[in-house]
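Values reported hereafter were calculated over all heavy atoms of this structure, with side chains retained and with hydrogens, waters and symmetry mates removed. Remember, it's a predicted structure, so these values are computed and weren't measured experimentally. Chain A is the first sequence line, chain B the second, and so forth, proteins listed ahead of strands; every chain is numbered from 1.
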Amino acid sequence: MYQRQYLRTEPQTTAHLAQTMSLLKMNNGELIEEIERILNENPALEKIEEIRCPQCNRKLFPGQICPKCSQPNRGDNDDAIVFLSPRNDFQYQKDVLTDDEYQMEDFTPDTVELPEYILRQIMFDLTDSEREIAAHIVLQVDEDGFVPEKNASIAQYFHVPISKVELIRNMIMHADPIGVCATSPEEAMIVQLDILRETVELPPYYNQMVRDHIASISKKDYKKIAKELELPESDIKNAVRFISENLYPYPGRASWGHSNNDQATQKNVYSNPDIIVTYSNNDPGQALMVEIIIPYGGNLRISSIYKNALNESVEEKREDLKPDLDRANLFIKCLQQRNNTMRRMLEKITKYQVEFIRKGDKFIHPLTRADLAEELEVHESTISRAVANKSLQLPDGKIVPLSKFFDRSLGIRTELKEIVAKENQNKPLSDSKIAEILNQKGYDLARRTIAKYRAMEGIDPAYMRKTQYNEPK
DNA sequence: CTATGGCACGGATT
DNA sequence: AATCCGTGCCATAG
């Protein structure tokens, strides 16, 4: 049985190989576009609307996991059940920015293109007159991602009720980047919280903290907040950590704090994930469910009409039809290939990184694409492509690039963050001191490297951390 | 003199 | 072959 699977994954022809490779490096957003393109262009391929299991072709309800095919994978991996999920209730935006684009250093939100980018996402849900209003709002967006003009004044300008403007602005704010065109950082962050709530449970007081206490948060005056909300200070600290890790006050910049350390929050990418990891039954004690989202609206098939046409047609016409048929066949095969590779890869990754998924950044194991390639008996570049551009949602709701699983320094960086968080604010640790501590813990690192990690995490140098404390203004 | 950031080199990774 | 990453050296600021 091992044999059979091996044969199925091994490409047979060069055309097969080339197409599989190009499909492999696409994320779901791109894949949808590609499928649409092929559907339009090739009459031999058709889409059937009901959802079927991509492996055994059994009919499924929307969102249902194939009961048959999720089972066999269980044997070789107790920690995670990896399966392909043919959801079509997932709305993908075609032009979401991939993680890599967010990470690119020279990527700056382009003030010319951002408005268009936003408009395209909401265009189809609006009437003509509403589009005009939306355009008016979006075109005013400043480089931080805000539109300060009040709804009331916009309403007056267009002679429409305020509620209508509110509705439209709300739609804009829910588009990517989330919170864009809000009037203030607070408003943007509230919207981001709402969106996060769709996948994660959050205490209700988070909203209040964002709305009323941003000033105190940036001053690190947790006591004041704790007092006003009548909550223990530890809760507040957790909340602040969550807020600073998951929300970004300037939707146009997509980063916290000042522009010089853009790297700091690159991990917060809001787009639809290609893979979703959850605990089965939402119980952290149970196995991980790894859901690889496959974005067909239904399955792809060779069109039966086309098949009949081919059989009934005369000899010379058959010559014309054959290439289409072959291409369609090939495409379907390549998609299966892609799915299979993704599944095999995810099985290994999740097994190897269970601790990281369950317990957090600190427990990440070192892993290189080369190792994985060897184990799966595929070429390194196959893994590279399979990892590229994909995003994965962790059980806690965070969406991270799949490449995070290969981050060599993440473990050390979180260790570093903890050290800094615990340090005495009056005598901050210098880089060399931190290096010493880390060396004692068994990490072999140079002082210079600490400085780099600090910058990555957006932590200020020691002298800055000191003065910050007793300087209110 | 100490702490830190910029530049650049070489080895590993993709 | 291109890119990323850790590190050493040096200039600068306090």
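Counting only N and O atoms by type, the side chains of A:N40 and A:R37 include no donor and acceptor under 3.5 Å apart. Inspection of the A:S409 and A:D407 side chains reveals an N or O donor paired with an N or O acceptor under 3.5 Å.
Looking only at distances, no side-chain donor or acceptor of A:K441 sits under 3.5 Å from a matching main-chain atom of A:I437.
Note: CG (A:L445) to P (C:dG8) measures 11 Å, nearest angstrom. Rounded to whole angstrom, the span from the CD1 atom of A:I450 across to the P atom of C:dG8 amounts to 12 Å. Rounded to a whole Å, the CG atom of A:D407 is 15 Å from the C1' atom of C:dT3.
Between A:Y453 and C:dC5 there is no side-chain polar atom (N or O) within less than 4.0 angstrom of OP1 or OP2.
Using cut-offs of 30° and 60° on the angle between ring planes, the pair A:Y352 and A:H365 is tilted.
The terminal axes of the helix from B:dC1-C:dG14 to B:dT14-C:dA1, fitted over 5 pairs per end, subtend an angle of 10° to the nearest 10°.
Residue contacts shown for A:S409 are limited to sugar-phosphate atoms, with no base heavy atom under 4.0 Å away.
Contact annotation: the side chain of A:N389 never approaches that of A:M26 to less than 4.5 Å [non-hydrogen atoms, C-beta and beyond]. A 4.5 Å side-chain heavy-atom check between A:V277 and A:Q393 finds every atom pair outside the cut-off.
One finds the OH atom of A:Y443 at 14.5 Å from the OG1 atom of A:T449 (value rounded to the nearest 0.5 Å). The CG atom of A:L193 lies 6.5 Å from the CG atom of A:L202; values are rounded to the nearest 0.5 Å.
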| request: Take nucleotides 3-14 of chain B nucleotide by nucleotide from the 5' end and write B, S or -, depending on whether a protein heavy atom sits under 4.0 Å from the base, only from the sugar-phosphate, or from neither. | output: SBBBBB----SB
